[in-house]
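First up is the structure itself, then whatever we jot down about it.
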Amino acid sequence: MSTHAKRERLLLADLLETAGPDAPTLCEGWTTRDLAAHVVVRERRPDAAGGILIKQLASRLDKVMAEYADKPYEELIQLIRTGPPRFSPFSLKPVDEASNLVEFYVHTEDVRRAQPDWSPRDLDLVFQNALWSRLERTARLMGRGVPTGLVLRRPDGQTAVAHRGTPVVTVTGEPSELVLFCYGRRSAAKVDLDGDENAIAKLHETKQLGI
C-alpha cells in the first residue's frame with residue numbers, strides 16, 4: 001500500500017523542526033507553532049477537531065489549539081512525527097492515506113513556500129496521480145461555492161469539472177499545484193488561468209473552494 005501520507009508527515013515534521021516555532025507559513029495569521037498545534041489537535045483531539053468544519057465548535061477548537069500551542073515546540077514536532085495514538089482512526093494505514101495525503105502535502109508546502117528561497121519539488125508521477133485521484137473525487141464538492149464555471153486541467157489534458165456554469169475558467173497545472181490552488185494557496189500555486197477576465201477576478205476572490 002502507498003505511504004505517501006507518511007512520507008509527507010515526516011517531511012513536514014523535519015521542515016517545522018528546521019524552521020523553528022516562529023517562522024511564517026502560508027496559513028494566514030499562523031506561525032509554524034500554530035500550524036504544528038493544528039496538526040496535532042486534528043489527529044489527537046477529535047472532541048475539538050470538529051471545529052475545523054463546524055462553526056458551533058470553533059470556540060472549543062480555538063481553546064484547545066491555544067493549549068497545544070503553549071506546549072514545548074519540540075513536543076509538538078515529536079507528536080507529529082510519531083503519528084496518532086493507536087485508538088485513533090488515523091492510525092489505520094488506509095485511513096491515514098485517504099485523510100492525510102492532501103493534508104500533509106498542503107501543510108508541508110505551507111512551510112516550504114513561505115520562505116523566500118523556495119522552489120517547487122520534483123514530485124514523481126505516482127504521487128502526482130495520487131493527488132489527482134483525490135482532486136477528481138472532491139472537485140465537485142470543492143467547487144460548489146464558485147461563482148463561475150471551473151475546470152481543473154493537468155498538462156497532459158486530463159480534466160476534472162469542479163463547477164458547471166458560464167463563463168468557464170480553466171486552471172491548468174500539475175495536480176500538486178492544482179491542490180494548492182483549490183486550498184487557497186493562490187499566490188504560491190504554479191498554475192495558469194484561462195477564461196473571461198471578470199470570471200478570473202471573481203474566482204480569485206473565493207479564498208478557498210467549497211471546503
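The figures here come from the full heavy-atom set of this structure, side chains too, leaving out hydrogens, waters and symmetry mates.
The shortest heavy-atom contact between A160 and A139 is CB-CB, 4.3 Å. The shortest heavy-atom contact between A69 and A37 is N-CB, 3.8 Å. Residues I200 and G195 come closest through the heavy atom pair CD1-O, 3.6 Å. Scanning all heavy atoms of the two residues, the minimum distance from L135 to P175 falls at CD1-O, 3.9 Å.
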- Between L131 and V102, does a side chain to side chain contact (heavy atoms under 4.5 Å, CB included) hold up when you go through it step by step? CA-CA 7 Å; L131 291 172; V102 171; 4.1 Å; yes
*Assess whether side chain to side chain contact (heavy atoms under 4.5 Å, CB included) is satisfied between F127 and L101, documenting all intermediate values.*
CA-CA 10 Å; F127 186 67; L101 170 60; 3.3 Å; yes
- Query: Going through the checks in order, is the side chain to side chain contact (heavy atoms under 4.5 Å, CB included) test met by H38 and M65?
  - Reply: CA-CA 6 Å; H38 160 77; M65 278 271 295; 3.8 Å; yes
I'd like to know whether H107 forms a side chain to side chain contact (heavy atoms under 4.5 Å, CB included) with C27, so could you lay out the CA-CA distance, the side-chain angles of the two residues, the decisive distance to 0.1 Å, and finally the verdict. CA-CA 8 Å; H107 287 324; C27 298; 4.2 Å; yes
Which pairs of donor and acceptor atoms, one on a side chain in residues 5-23, lie under 3.5 Å apart (sequence neighbours left out)?
residue: E8; atom: OE1; partner: R121; partner atom: NH2; Å: 2.9
residue: E8; atom: OE2; partner: R121; partner atom: NH1; Å: 3.1
residue: R9; atom: NH1; partner: E43; partner atom: OE1; Å: 3.0
residue: R9; atom: NH1; partner: E43; partner atom: OE2; Å: 3.3
residue: R9; atom: NH1; partner: I80; partner atom: O; Å: 3.1
residue: R9; atom: NH2; partner: E43; partner atom: OE2; Å: 2.7
residue: R9; atom: NH2; partner: D96; partner atom: OD1; Å: 3.4
residue: D14; atom: OD1; partner: R81; partner atom: NH2; Å: 2.8
residue: E17; atom: OE1; partner: R81; partner atom: NH2; Å: 3.3
residue: T18; atom: OG1; partner: D14; partner atom: O; Å: 3.0

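To the nearest 0.5 Å, atoms CD (E103) and OH (Y183) are separated by 8.0 Å. The distance from atom CG of L152 to atom SG of C182, rounded to the nearest 0.5 Å, is 4.5 Å.
L178 and V161 sit in two unconnected hydrophobic clusters of ILVMFWY residues. Membership requires side-chain heavy atoms under 4.5 Å apart, directly or through other members. A continuous path of hydrophobic side-chain contacts links V191 to V169 [ILVMFWY only; heavy atoms under 4.5 Å]. Cluster membership check: L180 shares its hydrophobic cluster with M142, using side-chain heavy-atom separations under 4.5 Å among Ile, Leu, Val, Met, Phe, Trp and Tyr. Transitive grouping of hydrophobic side chains (ILVMFWY, heavy atoms separated by less than 4.5 Å) keeps V168 and L203 in distinct clusters.
For the side-chain hydrogen bond (donor to acceptor under 3.5 Å, both in side chains) test, no residue two or more places apart in sequence or in another chain qualifies with D122. Every residue was checked against the side-chain hydrogen bond (donor to acceptor under 3.5 Å, both in side chains) condition with Q115, not counting sequence neighbours, and none meets it. With sequence neighbours excluded, the residues satisfying salt bridge (Lys or Arg N to Asp or Glu O under 4.0 Å) with D110 are R185. Take W132 and apply the ring pair (Phe, Tyr, Trp, His ring centres under 6.0 Å) test, not counting sequence neighbours, and it matches no residue. Every residue two or more places apart in sequence or in another chain that forms a side-chain hydrogen bond (donor to acceptor under 3.5 Å, both in side chains) with R112 is listed here: E109. Checked against salt bridge (Lys or Arg N to Asp or Glu O under 4.0 Å), R140 has no partners two or more places apart in sequence or in another chain. The side-chain hydrogen bond (donor to acceptor under 3.5 Å, both in side chains) check on D194 picks up nothing, with sequence neighbours excluded. Scored by the salt bridge (Lys or Arg N to Asp or Glu O under 4.0 Å) test, K190 finds no partners at all (sequence neighbours excluded). Evaluation of the side chain to side chain contact (heavy atoms under 4.5 Å, CB included) rule for P116 yields no partner, not counting sequence neighbours.
The aromatic rings of F181 and H204 stand perpendicular to each other, their planes meeting at an angle above 60°, with 30° marking the opposite boundary.
Proximity of K202 to E197: side-chain heavy atoms (C-beta onward) are nowhere separated by under 4.5 Å. Between D192 and V171, every side-chain heavy-atom pair lies at or beyond the 4.5 Å cut-off. The shortest side-chain heavy-atom distance between R144 and L141 falls under the 4.5 Å cut-off.
A salt bridge links K63 with E67: the distance from a Lys NZ or Arg NE/NH1/NH2 to an Asp or Glu carboxylate oxygen falls below 4.0 Å.
Residue pairs meeting the salt bridge (charged side-chain N to carboxylate O under 4.0 Å, His left out) criterion with at least one partner in residues 128-138, sequence neighbours excluded, are absent. Pairs of residues two or more places apart, or lying in two chains, that qualify as side chain to side chain donor-acceptor pair (under 3.5 Å) and include a residue from residues 163-182 are R113-E177, Q128-S176.
A side-chain donor-acceptor contact under 3.5 Å links S99 to the backbone of V95. Using modelled atom types, one side-chain atom of T25 and one backbone atom of W30 make a donor-acceptor pair closer than 3.5 Å. In this structure, N129 contributes its side chain and V126 its backbone to no donor-acceptor pair below 3.5 Å.
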